[in-house]
Amino acid sequence: MINLFHNISPKNQEKLLYTLEAHTFTFPKNQRILSTINDENIIGFIIRGYIQIIRTDFNGNITLIEELEEEAVFGTMFSSLNNSEYDLLTKEETKLVIIDYNRIIEEENKHISYYQQFIKNLLEIVSNKIREKNERIEILTKKSIRDKLLEYFKITAEKNGSKIIYLTSNYQGLANYLAIDRCAMSREIKNLREEGFIKTEKKKIILLY
């Protein structure tokens with residue numbers, strides 16, 4: 001995915017963040033952070049670290065909405081972060097920048113070249129986010145656990161151009177992403193392995209079909 005500051009020099013990045021009154025935060029591992037940074041409309045950029053967007057329903061069930069690594073962008077315009085069931089969970093020490101979206105659209109210096117590049121990058125990121133959410137919908141609309149897994153494998157393999165898939169988290173994280181029970185998913189992965197569809201090596205899944 002394109003970097004939010006693609007084709008913007010470090011000097012102009014500093015000018016841009018100053019103009020937009022951006023705030024920088026650093027959080028320890030395993031901390032829920034949305035209450036600290038939340039505003040009506042924000043955009044966040046991960047300088048370093050790893051974050052999960054999670055949803056916890058009234059029964060305490062956790063669904064993994066999205067995983068965000070270094071240089072990833074998140075915000076209220078991409079996810080329902082204003083919903084009280086949503087939160088951001090750091091999976092390692094994380095440093096990020098938070099920008100008020102209203103400052104972006106109200107900025108008077110839109111004619112400056114690096115600002116125009118920033119908007120161009122942001123629009124491309126929005127387009128990619130929409131595509132990713134459509135892919136997630138395709139997966140979640142599958143009825144069986146097997147079909148959800150196979151659709152996930154298919155989309156990920158096509159995106160990476162490889163039949164080797166590396167999970168960014170553990171099996172619990174994958175189960176949360178697919179909105180299925182981990183034990184049931186593990187049984188189905190075992191079935192797929194025994195039937196010759198896949199081979200697994202820790203967090204690596206090799207497609208054999």
Side-chain angles (χ1 to χ4, degrees), residues 1-8 13 16-17 20 22-25 27 32-34 37-56 62-92 94-107 110 114-142 148 151-162 165-169 173-179:
M1 180 177 290
I2 189 171
N3 187 299
L4 184 60
F5 302 108
H6 175 67
N7 280 342
I8 302 175
Q13 286 181 36
L16 180 65
L17 293 176
L20 296 176
H23 298 281
T24 302
F25 298 87
F27 297 99
R32 296 193 177 208
I33 65 174
L34 190 56
I37 63 175
N38 200 12
D39 204 339
E40 289 185 3
N41 209 347
I42 61 168
I43 289 178
F45 176 79
I46 300 178
I47 299 174
R48 69 168 186 272
Y50 175 57
I51 289 177
Q52 291 180 339
I53 299 179
I54 59 174
R55 176 179 178 267
T56 307
I62 296 176
T63 301
L64 175 61
I65 304 300
E66 189 174 359
E67 294 179 308
L68 304 164
E69 300 177 326
E70 186 174 316
E71 297 188 354
V73 174
F74 63 91
T76 48
M77 66 185 301
F78 307 129
S79 303
S80 302
L81 297 182
N82 289 326
N83 187 321
S84 61
E85 294 184 343
Y86 281 66
D87 211 332
L88 301 172
L89 176 66
T90 59
K91 302 303 291 183
E92 57 186 58
T94 299
K95 183 178 181 180
L96 49 84
V97 170
I98 299 297
I99 304 171
D100 183 346
Y101 179 73
N102 294 322
R103 289 288 298 125
I104 296 176
I105 61 177
E106 294 170 0
E107 174 55 38
K110 295 184 176 66
Y114 64 76
Y115 191 88
Q116 293 175 348
Q117 181 65 50
F118 173 75
I119 296 299
K120 179 181 178 181
N121 295 341
L122 181 59
L123 290 175
E124 185 168 343
I125 289 170
V126 170
S127 177
N128 289 335
K129 290 282 188 181
I130 292 173
R131 187 184 67 252
E132 290 173 358
K133 288 184 180 298
N134 288 336
E135 291 172 351
R136 180 92 183 274
I137 291 171
E138 286 294 319
I139 294 170
L140 296 182
T141 53
K142 302 300 180 184
K148 286 183 178 181
E151 187 68 17
Y152 171 78
F153 295 156
K154 172 189 171 186
I155 289 174
T156 305
E158 289 177 351
K159 186 185 299 183
N160 298 337
S162 172
I165 297 170
Y166 293 91
L167 301 180
T168 56
S169 61
L174 177 59
N176 290 342
Y177 178 79
L178 300 177

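- Counting heavy atoms from C-beta outward, L16 and Y114 have side chains that approach closer than 4.5 Å.
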Would you please test L178 and L64 for side-chain contact (heavy atoms from CB on, under 4.5 Å) and show each step?
CA-CA 8 Å; L178 300 177; L64 175 61; over 6 Å; no
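- Scored by the ring pair (Phe, Tyr, Trp, His ring centres under 6.0 Å) test, F45 finds F5 as partners (sequence neighbours excluded).
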Can you check side-chain contact (heavy atoms from CB on, under 4.5 Å) on K129 and S79, steps first, answer last?
CA-CA 10 Å; K129 290 282 188 181; S79 303; over 6 Å; no
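- Remark: E151 engages no residue in a side-chain hydrogen bond (donor to acceptor under 3.5 Å, both in side chains) (not counting sequence neighbours).
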Between I99 and I104, is the side-chain contact (heavy atoms from CB on, under 4.5 Å) condition met? List the steps.
CA-CA 8 Å; I99 304 171; I104 296 176; 3.9 Å; yes
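- In this structure a side-chain-to-backbone donor-acceptor pair under 3.5 Å is missing from N160 to S162.
- With sequence neighbours left out, the ring pair (Phe, Tyr, Trp, His ring centres under 6.0 Å) criterion links Y152 to Y177.
- Contact annotation: the side chain of L167 approaches that of L174 to within less than 4.5 Å [non-hydrogen atoms, C-beta and beyond].
- Looking at N121, its side chain does come within 3.5 Å of a backbone N or O of L4 through a donor-acceptor pair.
- Partners of R32 by side-chain hydrogen bond (donor to acceptor under 3.5 Å, both in side chains), not counting sequence neighbours: none found.
- Contact of the L89 side chain with the I53 side chain is not registered, since no non-hydrogen atoms from C-beta on lie closer than 4.5 Å.
- Interatomic distance, CD1 of I8 versus NZ of K120, reported as 11.0 Å (0.5 Å rounding).
- One side chain, T76 or N41, offers a donor N or O that lies under 3.5 Å from an acceptor on the other.
- Contact check for I51 versus L96: side-chain heavy atoms found under the 4.5 Å cut-off.
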Run the side-chain contact (heavy atoms from CB on, under 4.5 Å) test on I46 and E69 for me, step by step, so that the C-alpha distance in whole Å, both residues' side-chain angles and the decisive distance to 0.1 Å come before the verdict.
CA-CA 7 Å; I46 300 178; E69 300 177 326; over 6 Å; no
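- Within the 4.5 Å cutoff, the side chain of T56 has heavy atoms near those of the I62 side chain.
- Proximity of a side-chain donor or acceptor of T94 to a complementary backbone N or O of E92 within less than 3.5 Å is detected.
- With hydrogens and angles ignored, the 3.5 Å screen pairs no side-chain donor or acceptor of R131 with any backbone N or O of V126.
- Remark: Y86 OH is packed, more than 12 non-hydrogen atoms of other residues, nucleotides or ligands lying under 6.0 Å away.
- Between I43 and the options I98, V97, I125, L122, a side-chain contact (heavy atoms from CB on, under 4.5 Å) holds for only L122.
- One finds the CD1 atom of I165 at 6.0 Å from the CZ atom of F153 (value rounded to the nearest 0.5 Å).
- Between the CD atom of E132 and the CD atom of E66 there is a distance of 6.0 Å, given to the nearest 0.5 Å.
- The shortest side-chain heavy-atom distance between D100 and L20 does not fall under the 4.5 Å cut-off.
- Note that CD1 of I65 and CZ of F74 are 15.0 Å apart. Values are rounded to the nearest 0.5 Å.
- L81 contributes atom CG, which lies 9.0 Å from atom CG of D87 (distance to the nearest 0.5 angstrom).
- In this structure, CG on N3 lies 9.5 Å from CD on E70, to the nearest 0.5 angstrom.
- Salt-bridge annotation for K91 and E67: absent, with no side-chain N of the basic residue lying under 4.0 Å from a carboxylate O of the acidic one.
- Scanning all heavy atoms of the two residues, the minimum distance from I139 to K148 falls at O-CG, 3.4 Å.
- With sequence neighbours excluded, the residues that form a ring pair (Phe, Tyr, Trp, His ring centres under 6.0 Å) with F27 are F25.
- For E85, the side-chain hydrogen bond (donor to acceptor under 3.5 Å, both in side chains) partners two or more places apart in sequence, or in a different chain, are R55.
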